[in-house]
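For reference, the structure discussed in these notes is given below.
What you see is a predicted model, and the numbers here were worked out from it, not measured in a lab. Labels below follow one simple rule: chain letters A, B, ... track the order of the sequence lines, proteins then strands, and each chain is numbered from 1.
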Number of protein chains: 2
Amino acid sequence: MIADPWQRQRLLDAFPFLHATPEEFRADVFDHVALVRLPVGQLICHDGAQCTQLPLVLTGTGRVYKLGENGREITLYRVHPGESCVVTTSCILSGRAFPAFAVCESAVEAVVVRPHEVRRWMASSEQWREYIFGLIASRLQEVFGVLDAVLFQRLDQRLIAYLLGQLETASGRGIHMTHQALAVELGSSREVISRVLKGLESQGLLRTTRGLIELLDIPALELRAREG
Amino acid sequence: MIADPWQRQRLLDAFPFLHATPEEFRADVFDHVALVRLPVGQLICHDGAQCTQLPLVLTGTGRVYKLGENGREITLYRVHPGESCVVTTSCILSGRAFPAFAVCESAVEAVVVRPHEVRRWMASSEQWREYIFGLIASRLQEVFGVLDAVLFQRLDQRLIAYLLGQLETASGRGIHMTHQALAVELGSSREVISRVLKGLESQGLLRTTRGLIELLDIPALELRAREG
DNA sequence: CGTCGCTTCGTGACAAAGTCACTGAATCGC
DNA sequence: GCGATTCAGTGACTTTGTCACGAAGCGACG
């Protein structure tokens, strides 16, 4: 239950769809959710676990990933403020085990909803259903996209595309990431990432130093990400 | 609209959850669905398409797969009688494009539901919601499983596991499939499947002839599917 | 029966990617 | 400055995908 008007406002701001809901629904929400704070690195869900709560993220981000028995891993998607892990939703509503891992990538503030309320709101609120289905569909597309990339795209192109994508978030044209972190994003291994980066560096397309990758010839990189 | 009592009964039999729904809901269903027959090989949905109807399969099976630009493909899952393609559902409810292909693997009889009804029933029927969410969760798990297999498992083990799985469906211990068909199931290429099969054959674990694979030493195959 | 055409499978050479076992280099805390 | 830790480079090897062939099996049809 969230009583503090300030916290209530934060919740409304993070989840815009709530503005469109009836007054009673919002009251219902405030009554039946709890605010939690999770530290960086906190494991939210592990492979095969039963989900008991649905977290709606207010601040911070969660990372959902698959882990192979050889220790390799791949990031499937991230859960940003205003979103929730809908795989959890579907597990809750169907009673199935969660098929991946989820951790806090940064400190996370979230409101947690119990399965009973998740189901109840599915019946009572049009807006809640729209919200949940929108998330499910976009997650599905992300996961399908990952599968497509892993199966059908060359690693150098995927790597370049990822780096170019990161550039928009970053400042300047340097990306602060280790090779290991890149491997985890793309589901590859550190050695292979190093090899590919070295190849690109020898062509003058970028420059690497410990923990930093500088993109030098962005047009050429964009070209290479598209074709061969 | 389905008037024929015989067809109505078939629909109820194929979708057991309907038995638990109120009389009026079933009447509503009969009023708002249409029966369609699709031939083998009929393309139901292509990558990037907007879904306009939700098909609920009565007989036959559909196959949902991803296609790479190099022509390689991988089967994600099948839609059997009593099921529907929930990726379509989520696309309908969110207005997104379908991220894969779907074809009729055999002749398919299905009832099609329009988006408006899909949404309406989500609001009105507890059983419909349960049904849809159960399907979504199981599809998600299947797709996550495929991703896991592709990324983290060796092809020989995946192939053996698939063959052993097919054996349960088949008669005797022979599996009638071409190498190309196996490649499509596992997201590999024919040459590689041939190579792996040849390796297994040279170890006396199975025997291959044109279009047929006979498993000879099933315990040894089961062992190898698990470890190295 | 023989021939044509299609499907299926085999093969060898190569490229891309993952694995393993190391080594060396940069950085941080003290 | 020094040791521990993290990060990156390397080479040998295996697995998998790609390409360009060609051979073998099988059906259709005169």
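Residues that satisfy the side chain to side chain contact (heavy atoms under 4.5 Å, CB included) test with B/Ala100, not counting sequence neighbours, are A/Phe144, B/Val64, B/Leu76, B/Phe98. Under the rule for a side-chain hydrogen bond (donor to acceptor under 3.5 Å, both in side chains), the partners of A/Ser194 that lie at least two apart in sequence or sit in another chain are A/His179. The side chain to side chain contact (heavy atoms under 4.5 Å, CB included) test applied to B/Gln9 returns B/Leu12, B/Asp13, not counting sequence neighbours. Applying the side-chain hydrogen bond (donor to acceptor under 3.5 Å, both in side chains) criterion to A/Ser106, with sequence neighbours excluded, gives no partner residue. B/Gln153 pairs by the side chain to side chain contact (heavy atoms under 4.5 Å, CB included) definition with A/Glu69, B/Asp148, B/Ala149, B/Arg158, not counting sequence neighbours. Every ring-ring contact (aromatic ring centres under 6.0 Å, His included) that A/Phe101 has, sequence neighbours left out, goes to A/Tyr65.
Remark: the B/Thr61 side chain and the B/Arg78 side chain contain no N/O donor-acceptor pair separated by less than 3.5 Å.
Among residues at least two apart or in separate chains, salt bridge (charged side-chain N to carboxylate O under 4.0 Å, His left out) pairs with a member in residues 38-61 of chain B are B/Asp47-B/Lys66.
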Once base and sugar-phosphate atoms are separated, protein heavy atoms under 4.0 Å mark nucleotides 10-19 of chain C, 5' to 3', with B, S and - as BB-B--SBBB

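Where DNA chain D meets chain A (any atom under 4.0 Å from a heavy atom), the bounding nucleotides read 5' to 3' are D/dT6 to D/dA12.
A straight line from CZ of B/Arg207 to P of C/dC9 spans 16 Å, rounded to a whole angstrom.
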